[in-house]
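Structure first, then comments.
The analysis underlying the following values was restricted to heavy atoms, covering all of them including side chains, and did not include hydrogens, waters or symmetry mates. Every chain is numbered from 1, with letters handed out A, B, ... down the list of sequences.
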Amino acid sequence: MIRTRFAPSPTGYLHLGGLRTALYTYLFAKKNGGKFILRIEDTDQEREVEGAVELIFQSLRQAGLHYDEGPDVGGAFGPYIQTQRKALYLPYAKQLVDSGAAYPCFCTREALAERRAKAEAETPGQWKYDKHCLRMSKEEARRRMDSGESFVIRQNIPLTGTASFEDALYGHVEAPCDTLDDNVLIKADGLPTYNFANVIDDHLMGITHVMRGTEYLSSTPKYNLLYAAFGWEAPVYMHLSPVMKDAGRKLSKRYGDPSFEDLLAQGYVRDAIINFIALLGWSPGDEREFFTLPELVEAFDVKGLSKAPAIFNTEKLVWFNHEYISRMDFEDYLQMATPWFDKALAGKNMDYRRLAQLMHTRTEVFDRVPDQVRFLAEVPEYDLDIYTHKKMKTDPEISLQVLELARPLLAALPNFAEETVKDALMQLAEAQELKTGQVMWPVRIALSGLASTPGGTTEIAYLLGQAESLRRIDAGMARLREGGR
RNA sequence: GGCUCCUUGGUCAAGUGGUUAAGACACCGCCCUUUCACGGCGGCUACAGGGGUUCGAAUCCCCUAGGAGUCACCA
């Protein structure tokens, strides 16, 4: 039985790199009929952010990545929060001490800092723990531990040889032992470090496949030494390349890059984000590009994972989002768009249903909607130049003539249905031997003040209504007369 | 700096010794059209560099360069 886990630290929102790791981990498990487990790695009490655990639950739920076992859903391998497993780790560490694979260390931070500074002065960048406490007798070590003195437990890395592991993506990875440090396994507060906790918990929880970021790639050989010391079988590792902001920098909240929650709030739809993220660093091998989550499960294959870092390209996300919104059921669109319409049009008597029809295929990201429809609330400042359009064969002079002719015609209409307005303007064009565009363009500009709008002249006229339309045409004529002088 | 890993167009990427080196986003042009968008058609741009191996290399080997990750009682 395949068992995978997503093991975030509760330090805040779920960032996009984390979301992708979670997604791939989920996909791999589901593709192979296995279990996807959520484990909270909160052994660093100082960095923990209040409420972050709930944020992780919420984000995963919103992403649709349902875990089979986890803190809030239970399971046979709990608890799934590491601080609640605290008592488990020390006995395993002691087992390693007994076998010589680890040892207690009583060096104070101050003493360490001092020796380190001295060593750095001679050979910069070469510092490793000097195995000072390894030379201590077992008896003394036991006595000092029993006396309540503060201590940590360190991994005893061999002085020679190499440590290695097989990565499902990167292949054989190995590192010379003499470049590896004797990292702390159990901290002075009794909690394990990541180095130790992930090994113990992955084993205890029966994890068969571990997917995680490449930041762990270079320390994984050390973890394998631990598995070997216990005589345990290590899981299969797949290290995932980072998601980059640009060629030189990882995506990170520190620099204001958006989290999953942020994107949702900006009006990106869940499925578009998932689809886009899935394709960032993974290829299905064929030319499909639209995938629902179940389709991703079906298509997912480790072979399609890329080893090189991928740059997060917002343009492409926007494109996916536009596609997903366009394909969305109209009623769903109307519902989602309404609060965004309200941001610009609150209080206006506006046919949102008609507006939504016009906006449905023109919405890229919802947070851009207010700006797109704001002209319906008020005509923006505009330059008279936009009355000039080469292809429409219009200029301010013709525009003024058209508006002067159209004004009484529109004022006389019994209603302002789109067809009514259209017929009137088309007849005007015919009667004056003008091109359709020569009539439509000036009227639309007067109505909107914009060179491009969602919907054309008649749709906008309808949305605005007769009174407001006439008012705007009057204002447009006034401006044209003024500008002509 | 040591160690580890990576390197196909601006971006995401297919490609695993023989291809006219796919496709998508972006960009540009044309068409459609009462604007924009949509849609249709077309175009631009790539195997980091240098050595090998081979009849033949984006694909295998070596070197160089560039980039990333890591070197915590953080994960």
**Study point:** Greater than 12 external heavy atoms within 6.0 Å of A:Glu166's CD
**Key:**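 Check passes, neighbour count above 12.
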
Using the side-chain hydrogen bond (donor to acceptor under 3.5 Å, both in side chains) criterion, which residues pair with [X]? Sequence neighbours excluded.
X	answer
A:Asp371	A:Arg374
A:Glu54	none
A:Glu418	A:Arg354

Point to revise | OP1 or OP2 of B:C5 under 4.0 Å from side-chain N/O of A:Lys307 | key: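 No, no such contact exists.
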
Point to revise | Partners meeting salt bridge (Lys or Arg N to Asp or Glu O under 4.0 Å) with A:Asp332 (sequence neighbours left out) | key: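 Expected list: none.
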
Check your understanding: Which residues pass the salt bridge (Lys or Arg N to Asp or Glu O under 4.0 Å) test with A:Asp44, sequence neighbours left out?
Key ->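 Once residues adjacent in sequence are excluded, the partners of A:Asp44 under the salt bridge (Lys or Arg N to Asp or Glu O under 4.0 Å) criterion are A:Arg47.
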
Check your understanding: Considering residues at least two apart in sequence or located in another chain, which fulfil the ring pair (Phe, Tyr, Trp, His ring centres under 6.0 Å) criterion with A:Phe320?
Key ->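 For A:Phe320 the ring pair (Phe, Tyr, Trp, His ring centres under 6.0 Å) partners, ignoring immediate neighbours, are A:Phe290.
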
**Study point:** Residues in ring pair (Phe, Tyr, Trp, His ring centres under 6.0 Å) contact with A:Tyr333, at least two apart in sequence or another chain
**Key:**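 Ring pair (Phe, Tyr, Trp, His ring centres under 6.0 Å) list for A:Tyr333, sorted by chain: A:His360, A:Phe366.
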
Exercise for review: Once you apply the 3.5 Å cut-off to both distances, tell me the Watson-Crick or G-U wobble partner of B:C44, or none.
Suggested key: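 Answer to the pairing question: none, since B:C44 forms no Watson-Crick or G-U pair.
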
Practice item. Quick one: look up who B:C36 pairs with, Watson-Crick or G-U, both distances under 3.5 Å, and put none if it's unpaired. Key: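 Partner of B:C36: none found under 3.5 Å.
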
Check your understanding: Within the side chain of A:Thr214, is there an N or O that forms a donor-acceptor pair under 3.5 Å with the backbone of A:Leu217?
Key ->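 No, the answer is negative, given that no donor and acceptor are paired below the 3.5 Å cut-off.
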
Review point. In the 5'-to-3' direction, what one-character label does each nucleotide of nucleotides 60-70 of chain B receive under the scheme B = base within less than 4.0 Å of a protein heavy atom, S = sugar-phosphate only, - = no such atom?
Key: -------SSBS

Practice item. Going 5' to 3' through nucleotides 29-46 of chain B, assign each nucleotide B (protein heavy atom under 4.0 Å from a base atom), S (under 4.0 Å only from sugar-phosphate atoms) or - (no protein heavy atom that close). Key: ----BBBBSS--------

Review point. For residues 176-187 of chain A, which residue pairs qualify under side chain to side chain donor-acceptor pair (under 3.5 Å), counting only residues two or more places apart or in two chains?
Key: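 Passing the test, one end in residues 176-187 of chain A: A:Tyr103-A:Asp182, A:Lys131-A:Asp182, A:Asn183-A:Lys222.
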
Point to revise | Proximal nucleotide (of B:U4, B:A75, B:A72) relative to the A:Ala175 side chain | key: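 Given the options B:U4, B:A75, B:A72, the side chain of A:Ala175 is closest to B:U4.
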
Exercise for review: Taking only the side-chain heavy atoms of A:Ile311 (C-beta and beyond), determine which of B:A75, B:U4, B:U11 contains the nearest atom.
Suggested key: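 Output: B:U11.
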
Each nucleotide N or O in nucleotides 20-25 of chain B that has a protein N or O under 3.5 Å away: list the pair and distance.
from  : atom 1 : to       : atom 2 : distance (Å)
B:G23 : O4'    : A:Glu287 : OE2    : 3.3
B:A24 : O2'    : A:Glu289 : OE1    : 3.0
B:A24 : O2'    : A:Lys316 : NZ     : 3.0
B:A24 : N3     : A:Lys316 : NZ     : 3.2

Check your understanding: Could you give the CG-to-C1' distance, from A:Asp201 to B:A75, as a whole number of Å?
Key ->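 Rounded to the whole Å, the gap is 13 Å.
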
Review point. Which of residues 181-189 of chain A sit near RNA chain B, with a heavy atom under 4.0 Å from it?
Key: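 Contacts with RNA chain B under 4.0 Å: A:Val184, A:Lys187, A:Ala188.
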
